[in-house]
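In what follows, a single structure is set out as structure tokens and then discussed.
Order of the sequence lines fixes the chain letters, A, B, ..., with proteins taken first and strands second; residue numbering starts at 1 for each chain. Note: hydrogens, waters and symmetry copies are ignored here, and every other heavy atom, side chains too, is used.
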Amino acid sequence: MRDIEVGKITQVVRDLCIETNTRLGEDQLQALRRAREQEESPLGKEVFNRLLENAEVARRESVAFCQDTGYAVFFVEIGQDVRLAGGEIGEAIDEGVRRGYEKGYLRKSIVRSPVERTNTGDNTPAVVYYDLVPGDGLKITMLVKGAGCDNMSALKMLTPAEGVEAMKHFVVETVERAGPNASPPVTVGVGIGGPFEKAAQLAKKALTRRSGEPNPNPKLAELEREILEEINATGIGPAGYGGTQTALAVHIESFPTHIAAFPVAVNLDCHSHRTGSVEL
Amino acid sequence: MSEKDIIRLQTPLAVEDIEPLRTGDVVRFSGVLYTARDAAHARMKEAIENGEPLPFDPEGQVVYFTGPTPARPGHVLGPAGPTTASRMDPYSPLLIERGLRGMIGKGLRSEEVIKSMREHGCVYFGAVEGTAALLAARVKEAELVAYEDLGTEAIRRLVVEDFPVVVVNDLYGGDLYREGKERWRRSVR
């Protein structure tokens with residue numbers, strides 16, 4: 001057994017919140033630079049210039065590069081040989097979010113309930129998904145999830161007969177329907193398989209992968225490439241002003257499913273695609 | 001983008017200022033913008049329904065759909081990029097009918113809003129979401145005007161210099177999102 005003090009978790013979560021919101025990841029910067037090279041529309045190229053300049057200013061001034069500093073979403077992998085000491089992990093994460101969003105001058109965007117829309121004032125509660133894994137490590141991955149693009153996400157319960165073609169069509173159709181509202185160039189998280197809620201969760205988790213890193217399964221990696229090509233052929237372009245670069249990456253995560261089912265969920269992320277990870 | 005292609009406009013706007021604008025034009029605003037997003041629009045609708053005065057007279061003004069982050073000490077305003085405009089669709093015609101001349105946001109507008117804009121003379125401008133830090137740097141003054149309890153969603157009066165936008169919907173049926181997409185769409189295989 002290994003003891004981990006939850007106070008340590010609060011500290012790393014606080015730093016993750018600030019870091020992830022003010023410093024665009026190197027993988028995302030590279031993806032933006034590559035897309036700028038490939039973009040054929042002059043106005044589209046200009047949008048890429050501005051996005052990259054914005055990321056630089058934000059980094060220099062330690063301010064958020066997007067005002068929607070989002071839901072604070074965490075994927076936590078806890079080794080089964082870890083004993084959490086000194087408090088409750090959920091509270092520790094919330095406390096980290098509270099401190100990070102205050103100290104980092106980040107926007108507090110969470111309301112108490114969809115019905116009673118009072119701001120909680122500190123961007124809590126965080127959205128946390130736990131996975132128990134072998135070993136005595138603890139890994140915390142943060143996804144800062146803006147709502148504009150999250151709002152354009154979708155889930156469909158396809159039938160096995162409709163199959164892969166229908167899945168591809170649904171992903172492209174979701175990006176097309178979102179158009180400029182999802183703030184392209186988008187990163188597209190796709191979850192397939194499992195029951196209903198599993199597909200949605202996988203779609204979100206797919207967004208935490210390094211930008212453009214293919215799925216290790218060659219068949220799924222091929223689907224990622226094909227879907228990306230189709231999305232970039234829609235013409236939506238950067239900021240939706242028209243162009244050849246609508247998505248930077250398509251990430252598919254898959255899980256076994258039922259003989260009767262082919263669930264597919266699509267979670268979109270905007271050009272301010274923000275992830276960060278820490279291992280304790 | 002060469003400097004000569006940029007149209008510079010001083011706000012508030014007269015109808016004559018926006019008549020020459022066409023979809024795709026690159027514009028820089030200097031002058032006053034009012035921030036308002038979901039909750040502030042809902043309150044303004046309530047005020048109109050109750051016959052109460054609005055926090056500002058929409059005549060000639062430009063509304064910017066944004067909810068800024070808190071300002072760091074020494075900054076006028078925290079990063080403030082545009083939010084999705086379609087959420088304001090149910091409210092926008094109420095302000096457009098009262099003389100609003102411009103809206104800044106991102107994303108598609110409804111047919112009803114576009115019709116109202118053409119009827120009463122109002123243009124929809126796009127700012128690039130994801131350039132929040134750059135946009136905030138163009139804000140020289142920020143003053144709270146109404147609904148302080150809404151926090152980031154309160155109405156603020158901004159004074160901006162060379163605030164960069166693009167014309168999305170002009171007065172003549174032009175739509176940058178539709179036209180841009182048609183121009184760059186291609187078939188796969």
Residues 96-106 of chain A: residues contacting chain B (heavy atom under 4.5 Å, by number): A:Lys103, A:Gly104, A:Tyr105, A:Leu106
Residues 54-66 of chain A: residues contacting chain B (heavy atom under 4.5 Å, by number): A:Asn54, A:Val57, A:Ala58, A:Glu61, A:Ser62, A:Val63, A:Ala64, A:Phe65, A:Cys66
Checking [X] against chain A: side chain, backbone, both or neither under 4.5 Å from a heavy atom?
{"X": "B:Ala137", "answer": "neither"}
{"X": "B:Ala42", "answer": "neither"}
{"X": "B:Arg186", "answer": "both"}

Region of A:Thr244 in contact with chain B, defined by heavy-atom distances below 4.5 Å: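 Both parts, backbone and side chain.
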Chain B contact via A:Asn49 - which portion, at a heavy-atom distance below 4.5 Å: neither
Heavy-atom pair count under 4.5 Å with chain A, highest-scoring of [options]:
{"options": "B:Pro82, B:Gly126, B:Pro70", "answer": "B:Pro70"}
{"options": "B:Gly151, B:Pro68, B:Gly81", "answer": "B:Gly81"}
{"options": "B:Arg178, B:Arg183, B:Arg72, B:His75", "answer": "B:Arg72"}

For A:Glu176, all residues meeting side chain to side chain donor-acceptor pair (under 3.5 Å), sequence neighbours excluded: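 Per chain and number, A:Glu176 pairs via side chain to side chain donor-acceptor pair (under 3.5 Å) with B:Lys181, B:Arg185.
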Residues in side chain to side chain donor-acceptor pair (under 3.5 Å) contact with B:Glu49, at least two apart in sequence or another chain: B:Lys45
May I ask you to name which of [options] has the most heavy-atom pairs under 4.5 Å with chain B?
{"options": "A:Leu52, A:Asn181, A:Thr118", "answer": "A:Asn181"}
{"options": "A:Gly240, A:Gly121, A:Ser109", "answer": "A:Gly240"}
{"options": "A:Ala178, A:Ser41, A:Cys149, A:Ala182", "answer": "A:Ser41"}
{"options": "A:Gly243, A:Gly148, A:Gly237, A:Ala239", "answer": "A:Gly243"}
{"options": "A:Pro180, A:Gly242, A:Gly44", "answer": "A:Pro180"}

Smallest separation among heavy atoms of B:Gly130 and A:Ser272, with atom names: CA-OG, 3.6 Å
Candidate pair B:Arg87 and A:Asn151, rule side chain to side chain contact (heavy atoms under 4.5 Å, CB included), full reasoning: CA-CA 11 Å; B:Arg87 292 196 316 273; A:Asn151 280 344; 4.2 Å; yes
If we ignore hydrogens and angles and just use 3.5 Å, is the side chain of [X] paired with the main-chain N or O of [Y] as donor and acceptor?
{"X": "A:Arg107", "Y": "B:Gly67", "value": "yes"}
{"X": "A:His271", "Y": "B:Thr131", "value": "no"}
{"X": "A:Asn119", "Y": "B:Leu150", "value": "no"}

Could you give the distance from [atom1] ([X]) to [atom2] ([Y]), rounded to the nearest 0.5 Å?
{"X": "B:Leu134", "Y": "A:Glu53", "atom1": "CG", "atom2": "CD", "result": "4.5 Å"}
{"X": "A:Asn21", "Y": "B:Thr69", "atom1": "CG", "atom2": "OG1", "result": "9.5 Å"}
{"X": "B:Leu135", "Y": "A:Gln67", "atom1": "CG", "atom2": "CD", "result": "8.5 Å"}

B:Glu112, CD: over 12 other non-hydrogen atoms inside 6.0 angstrom: no
Atom OH of A:Tyr71: over 12 foreign heavy atoms under 6.0 Å: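 For A:Tyr71, atom OH is not crowded (no more than 12 foreign heavy atoms under 6.0 Å).
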